[in-house]
Amino acid sequence: MQVKRFGVSLEEELQQELDRLVSKHQFPNRSQAIRFLIKKYSVEDEWIENREVAGAIVLVYDHHKRELQTKSTDIQHDYHHLILSVQHVHLDHHNCLETIAVKGKANELKDLANQLIAIKGVMHGELVMTAKK
Ligand code: NI
């Protein structure tokens, strides 16, 4: 990919803030930090504008709550067209960690995540929003 250079004018305070971020997040240089910030902002925009995006739904739950798994499977079948893969890890005797990779319209992915996270017995749930590219 062709890299283009352009000048950026920043107040001294803002430049110090940028350098603080570069150092804190261990970016190799300012350009990489700016790339990251642009992409982060653009991904947020894609989700707000209900574009075609990708993400992951992460759930932690106790598998002894039987109805929970039936409910979760029912919901996942309703949204099967959005689900790319499901990874289930047994964390310990009780707890499971499920990572569901998803791709589709942002609002549909949010609906799916909200329904899964709201199931009674889910201890923690999170939708990780990212981009398709
Ligand atoms: Ni399990």
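If you're wondering where the values come from, they're calculated on a predicted model, not measured in any experiment. Numbering starts at 1 and runs along the sequence shown. Just so you know, ligand 1 is whichever comes first in the structure, and atom 1 is the first atom listed for that ligand.
Using cut-offs of 30° and 60° for the angle between ring planes, the His93 and His63 rings count as perpendicular. Taking the six-membered ring for Trp and thresholds of 30 and 60 degrees, Phe27 and His25 have ring planes inclined between 30 and 60 degrees apart.
The side-chain contact (heavy atoms from CB on, under 4.5 Å) test with Leu59 singles out one residue from Thr99, Ile119, Leu97, Ile117, and that residue is Ile117.
For the pair Ile83 and Ile100, the tightest heavy-atom approach, listed with the atom from each and the gap, is CG2-CG2, 3.8 Å. Across all non-hydrogen atoms, the minimal contact from Ser72 to Glu98 is OG-OE2, 4.2 Å.
Around the Ni ion (ligand 1), the protein N, O or S atoms found under 2.8 Å comprise His88 NE2, His90 ND1, Cys96 SG.
Counting non-hydrogen atoms of other residues, nucleotides and ligands closer than 6.0 Å to CD of Glu49 gives a total above 12.
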